[in-house]
Amino acid sequence: MRKRKAVTLFSGIFLSLLALLAGCSGSGENTSGSGDGKTIEFMHLWPEGSSKQHHKIVSEIIEDFENENSGVKVNLEVLSNEQYKDKLKVLSTSNQLPDVGMTWAAGFLEPYVNGEKFAVLDDLLEGDLKDSFVSGTAEAYAMNDNTYGLPLELNIATVFYNKAIFDQYGLEAPTTYDEFKNIITTLNENGVAPIALGNKDRWTGSLWYMYMADRIGGVDVLTSAINRSGSFKDPALVSAAEEIQNLVDMDAFVRGFNGLSDEEAKSMFMGEQAAMYLMGSWDLPNYTTNEDIPQEFRDSIGYFSFPTVDGNGDLNSHVGGPGVGLFVAEDSEVKDEAKKFVSFFIQQWGEKAVTGAGVIPATKVDAASLDLPDMYIDVLNDLSEASNITLFADVQMSAGVAQVHLDLIQSLFGKGVTPADFAKEHEEALSKE
C-alpha cells in the first residue's frame, strides 16, 4: 500500500503560505564547471505557442546554467501536456527517460517510483534547496520516506469569467449554485455559450466533478473514497455525478465539449466565445502578464470560487495542490550534472516565475517586494485563507485507477454512463488495488 502523503499535508501549506510573501527562494551560486563535454536531456511541457512566458523562462535558465557550467549542454524537447504524458510512459518502458523531466505528485509518481525510474532527490532538499519550499509542497512528491520530484508550482482551480459579458446581461459572480444556474440560463437565452470545456483531455471535466463532490459531500468525501476509508457509492458522490449530467442537460458547456482539447476550449474562452472557464491558477499569466494578449481582454477577466450547493460547501475549500515538478532519471548517465541542473533551475525559477510568468511558485519568494497584478495577489490571499485544498483526483490515484477515472469522467459528461454505474465502476477499480 503506497503512502498518500500529498493529500494530508496541505495544512502545512496554509501555515506556511505567508512565507511565500516573506521568504526568499535563494540565489544559490552554482558555478562549478565539472562534467566537461556532457549533455543533459531535458523534456518539459510548456510549448512556446501556448505557454510563452514559461517557455521563455526555461530557455533563460538553461542559457544561464550552460554559461555557469562550462562543457555541460542541455538538450531540450518540448511537448504539449497530453503528448508529454504519453511519451513519458513510452520512454519509461524502454529505459530511455530524459535525464531531467517533469512529473506530478502522489499517484502519478507511483509506477515510476516502483519501477525505480526516478532518482531520490533528498540530497538536494538537504543541501542547496534546504528550506526553499513552501511547507507541504515538496512532501507531496514523497513516497516510502524518499522524495522523487521537486515542485515548481502551487495551484488552485477557480472559475475565470468574462466580466464584460456578465455586465452586458446584468450578471454578477455567483456564490450559490442557484445563482450559477441562473447565469447559465441567462447566457443561453442570449445566445452566449456559458462554459468553455475541453473534455477530450478528461482531467478538465474531473475538476468540475471534484468541486461538485466537495460542495455536496464535504472536503473529505472524495479523498476518503480514493484512499478506501470511504466509498464511491457514497450518496454525495453519486449526487455529484447526477449534477454534472444536469449541467450537461442545461447546455452549460460549449458544443462538442467532449471532443475538444483544453487548448481549444481555452481559445474559445479567450476568443470571447464562452463566458466562463474552470482552470488552475497556472493560467493566471493569460489574464495578467501575457502581453501577447490584449490588455482590454485581460482587464475584462475575473474569477470566482466554485459556488455552494443547496447551502452546502465552503467557498474557501479548493481543488488544487502542487503543480508539475522536476525529476531526475535513476538511470541517467549524467546524474550528478542532472541534479545540479535541477537545483539550479529551482533556485532560479521562484522569482522568475512570479515576475515573468505570473504563476505561484512552490518555492518561497520575496513577493512583498515585487509589483504583482491584482488577480495574482487575490489568488495568494485565497490560498492563505483556504480551509482545504483537495489534490487533483487523478493525481491522488494510482495510474491504473486514474485511467478508469478519466475515462468515466468523459463518459459521465457524454451521458454514456449513469451516475450509479459511474460510482460502481470507480469502486470496482479501487477495490482491485
Side-chain angles (χ1 to χ4, degrees), residues 155-199 204-212 214-215 243-244 246-248 250-255 257 260 262-290 293-309 313-320 358-360 373-383 385-386 413:
N155 299 292
I156 55 173
T158 63
V159 183
F160 294 101
Y161 73 104
N162 190 310
K163 293 183 289 186
I165 294 176
F166 271 45
D167 289 346
Q168 185 176 353
Y169 301 107
L171 302 171
E172 296 182 354
T175 58
T176 71
Y177 190 51
D178 284 340
E179 292 171 350
F180 181 65
K181 288 190 291 185
N182 178 64
I183 291 170
I184 292 170
T185 300
T186 301
L187 291 171
N188 275 325
E189 287 175 347
N190 287 278
V192 179
I195 300 165
L197 172 65
N199 204 38
T204 48
S206 181
L207 297 178
W208 285 94
Y209 176 73
M210 288 190 68
Y211 266 122
M212 203 67 75
D214 175 279
R215 296 306 191 251
E243 209 51 59
I244 289 295
N246 288 339
L247 287 177
V248 172
M250 289 182 66
D251 293 326
F253 307 106
V254 293
R255 289 184 180 179
F257 59 83
L260 296 175
D262 176 53
E263 287 299 319
E264 291 171 314
K266 183 184 300 185
S267 294
M268 295 183 75
F269 177 67
M270 297 181 68
E272 301 187 88
Q273 296 172 274
M276 294 177 282
Y277 176 55
L278 174 61
M279 191 46 55
S281 51
W282 56 76
D283 225 43
L284 277 172
N286 286 325
Y287 319 119
T288 53
T289 60
N290 188 346
I293 296 171
Q295 186 69 49
E296 183 179 1
F297 174 80
R298 285 182 277 159
D299 289 342
S300 74
I301 302 303
Y303 76 88
F304 57 85
S305 296
F306 200 92
T308 59
V309 177
D314 179 358
L315 292 174
N316 290 324
S317 177
H318 303 281
V319 171
V359 299
I360 299 168
D374 289 342
M375 187 182 292
Y376 187 99
I377 295 172
D378 289 342
V379 171
L380 280 178
N381 288 335
D382 284 348
L383 275 163
E385 296 170 4
F413 276 79

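Between the OG1 atom in T288 and the CG atom in D299 there is a gap of 11.0 Å [rounded to 0.5 Å]. Considering CE of M212 and OH of Y177, their distance stands at 4.0 Å, rounded to 0.5 Å.
The side-chain heavy atoms of I301 and F269, taken from C-beta on, include a pair separated by under 4.5 Å. A 4.5 Å side-chain heavy-atom check between N246 and M250 finds every atom pair outside the cut-off. The closest side-chain heavy-atom distance from M375 to Y287 is below 4.5 Å. Between S305 and H318 the shortest side-chain heavy-atom distance falls below 4.5 Å. The shortest distance between side-chain heavy atoms of L187 and I195 does not fall below 4.5 Å. Between L197 and L260, the closest side-chain pair of non-hydrogen atoms is not below 4.5 Å.
The side chain to side chain donor-acceptor pair (under 3.5 Å) search around D314 returns S387, not counting sequence neighbours. Here E264 pairs with S261 under the side chain to side chain donor-acceptor pair (under 3.5 Å) rule; sequence neighbours left out. With sequence neighbours excluded, the residues satisfying side chain to side chain contact (heavy atoms under 4.5 Å, CB included) with I293 are M270, N286, N290, F297, R298. By the ring pair (Phe, Tyr, Trp, His ring centres under 6.0 Å) test, F413 is found to be paired with F253, residues two or more places apart in sequence or in another chain being considered. For the side chain to side chain donor-acceptor pair (under 3.5 Å) test, residues two or more places apart in sequence or in another chain that qualify with S317 are D214, N388. T186 pairs by the side chain to side chain donor-acceptor pair (under 3.5 Å) definition with nothing, not counting sequence neighbours. Under the side chain to side chain contact (heavy atoms under 4.5 Å, CB included) criterion, T158 pairs with I156, F160, Y303, sequence neighbours left out. Residues meeting the side chain to side chain contact (heavy atoms under 4.5 Å, CB included) test with P174, sequence neighbours left out: E179, F180, I183, F304. Listed by chain and residue number, Y161 satisfy the ring pair (Phe, Tyr, Trp, His ring centres under 6.0 Å) test with F166 (two or more places apart in sequence, or in another chain). Contacts of E263 classified as salt bridge (charged side-chain N to carboxylate O under 4.0 Å, His left out), with partners at least two apart in sequence or in another chain: K266. Residues meeting the salt bridge (charged side-chain N to carboxylate O under 4.0 Å, His left out) test with K181, sequence neighbours left out: D178.
Between R215 and V309, the shortest heavy-atom contact is CB-CG2, 3.6 Å. Looking at every heavy atom in both residues, P307 comes nearest to L315 through CA-CD2, 3.9 Å. V192 and A275 get closest at one heavy-atom pair: CG1-CB, 4.4 Å. The two residues P194 and A252 make their nearest non-hydrogen contact at CB-O, 3.2 Å. Taking both residues in full, the closest heavy atoms of T204 and G198 are given as OG1-O, 2.8 Å, listed atom of the first, atom of the second, then distance.
Counting heavy atoms of neighbouring residues, nucleotides and ligands inside a 6.0 Å radius, atom CD of Q295 exceeds 12 of them.
Between the side chain of T175 and the backbone N or O of T308, no donor-acceptor pair lies under 3.5 Å. Checking side-chain atoms of Y211 against main-chain N and O of A157 turns up a donor-acceptor pair under 3.5 Å.
Sequence neighbours left out, the pairs with a member in residues 272-281 that pass side-chain hydrogen bond (donor to acceptor under 3.5 Å, both in side chains) are N155-S281, N162-E272, D262-Y277.
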